[in-house]
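Letters A, B, ... mirror the listed sequences (proteins, then strands); counts begin at 1.
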2 protein chains.
Amino acid sequence: MIDESTSSYIAGHPILVAVDNVIFGFDAEEEKLKVLLFRRKIEPFAGQWSLVGSFVRPNESAVVAASRILTEFTGLDSLYLEQLHCYTNVDRDPADRVISIAYYSLIQLQKYRKELVEKHHAGWFEINDIPDLVIDHNQMVSDALIRLQNNSRRKPVGFNLLPPKFTLPQLFKLYQEIYQQQIDDRNFRKKILATGLLDKLETKDKTTSKKGAFHYRFNKTKYKELETDGCDILFH
Amino acid sequence: MIDESTSSYIAGHPILVAVDNVIFGFDAEEEKLKVLLFRRKIEPFAGQWSLVGSFVRPNESAVVAASRILTEFTGLDSLYLEQLHCYTNVDRDPADRVISIAYYSLIQLQKYRKELVEKHHAGWFEINDIPDLVIDHNQMVSDALIRLQNNSRRKPVGFNLLPPKFTLPQLFKLYQEIYQQQIDDRNFRKKILATGLLDKLETKDKTTSKKGAFHYRFNKTKYKELETDGCDILFH
DNA sequence: TCAAAAGTGTTGGGATTACACCCATGG
DNA sequence: CCATGGGTGTAATCCCAACACTTTTGA
């Protein structure tokens, strides 16, 4: 892998290893895809908006670190946590040589614990209205969205963002937010129902219309199947 | 990002940062996709087969490190170098806490400098006949192939593996190797020519048949366009 | 009764698959 | 002249995109 001289050369200049987590949530009321940000507590850039992150501890892998901070900030275990990219530019952090392994996760926005978010001075921001973030975190958010879009085509990831019971109009709005584009609603229904992913329930959600929209839940068996085998949920 | 106590906690337990590079080449004579491996020089696992890699130096980013070792081992600059995944299991290296950022690159096998490969006790192995590698390097190779397959569908990456002039039968064999499946050759020609990527030349390659196969080269303008906009080169 | 959201089908065009034979040439 | 690999076309099918009106019901 390396020669010894390189190894000892490295020893005096440790590289610090951090993780940052792009935590996505879908606000069903506002029909907006959101990202959790907080005001960074340490220098450099203390007080500026930042993704949630942490150094990787000696006894944990990066995914464990990403999972740990997710729980710290939201009280939730991740339904969906995927490594995005490792950012390694030499000057990305002016204070130390720090590389950051970025993850992205999908959570149910209605379940997170508000007091934890408040305690950390964190807040949810619309994907289209992200403020200036520290270092390369804006890049991380934008890379995460692209990844989420690509994954949504091949796997039914979007369901991780919705409550167990949801309506087709909600799911439709979610896909429009993920893809950042208008979708034909008749074709959407046809395509999504054709996957066999959805079980229609008897009940209706009447909070957004007088007629009410039927509840659906996703079929876990079919869901796991498509997660493995892949599908093609893509709209023009 | 973190609190100070975590920072100082980390300081005494540095995590070492390495890169490993899955270098792909296409052997046009044997019609095989190959990966460059070498016998690891340092403990642990000295003498065992390994991907080519190095620690990341204090003044270089990971991509620069990956590029550096590519040049060290092949004498080539990378046409195509992409970050794959960062492997961070705590016990992956029994000696130290080392994480590895894996890259994969595509090179023209006929151009690499043999003496460098020999000097490093390296060799080319068929993608279907990879020996047991150190640590998680078999996983890296298999992840790299999956990534190469996915990228090949959306972008014309395969051309990075071929010389400037190549024949359709060669390109066809290359895609079969990448996808690890049989492809209908008439449909392949139709689809690949329909992209407008290929310029047919006057000359023929007669090394593999009496009739000879026409040379093609790829159209750089169209190539860059499809690299950006994406395409859909996928076969049943 | 009306406003506001939910729900529903068809058709035409383009793309994809499956499939088998002739061509050119050097030995 | 023949063995070897190179090259070609069509028909049937499937999938996708485009598109507009009816239903329900609470206020």
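- Looking at B:Y87, its side chain never comes within 3.5 Å of a backbone N or O of B:I101 through a donor-acceptor pair.
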- line: Protein heavy-atom contacts under 4.0 Å, written 5' to 3' over nucleotides 19-27 of chain D as B (base), S (sugar-phosphate only) or - (none), form the string BB--BBBB-
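- Atom NZ in A:K191 sits about 20 Å away from atom C1' in C:dG7, given to the nearest Å.
- Not counting sequence neighbours, the partners of B:F172 by the ring-ring contact (aromatic ring centres under 6.0 Å, His included) test are B:F188.
- Remark: B:F125 engages B:W49 in a ring-ring contact (aromatic ring centres under 6.0 Å, His included) (not counting sequence neighbours).
- Applying the side chain to side chain donor-acceptor pair (under 3.5 Å) test to B:E118 and every residue at least two apart in sequence or in another chain returns nothing.
- A:N89 and B:S61 share no side-chain donor-acceptor pair at under 3.5 Å.
- Residue-level contact check: B:T208 touches the backbone only, with heavy atoms under 4.0 Å from sugar-phosphate atoms and none from bases.
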message: I'd like to know whether A:F38 forms a ring-ring contact (aromatic ring centres under 6.0 Å, His included) with A:H120, so could you lay out the CA-CA distance, the side-chain angles of the two residues, the decisive distance to 0.1 Å, and finally the verdict.
response: CA-CA 7 Å; A:F38 88 121; A:H120 287 96; 7.2 Å; no
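- Taking atom CZ on A:R189 and atom C1' on D:dA18, their separation rounds to 17 Å, with Å as the unit.
- Applying the side chain to side chain donor-acceptor pair (under 3.5 Å) criterion to A:E177, with sequence neighbours excluded, gives no partner residue.
- Between the CD atom of B:E31 and the C1' atom of D:dG5 there is a distance of 11 Å, given to the nearest Å.
- In this structure, CG of A:L193 is placed 15 Å from P of C:dA6, rounded to the nearest angstrom.
- For residues 172-180 of chain A, proximity to DNA chain C is found at no residue, defined as any non-hydrogen atom under 4.0 angstrom from a strand atom.
- Under the 4.5 Å side-chain criterion, counting only non-hydrogen atoms from C-beta, A:Y80 is in contact with A:Y104.
- Remark: P of D:dG5 and CG of B:L168 are 17 Å apart, rounded to the nearest angstrom.
- The distance between atom OH of A:Y216 and atom P of C:dA6, rounded to the nearest whole Å, is 12 Å.
- Exactly one residue among B:L79, B:L70, B:D77 makes a side-chain contact (heavy atoms from CB on, under 4.5 Å) with B:I107. That residue is B:L70.
- Remark: P of C:dG7 and CZ of A:F188 are 12 Å apart, rounded to the nearest angstrom.
- Rounded to whole Å, atom C1' of D:dT8 lies 11 Å from atom NZ of B:K200.
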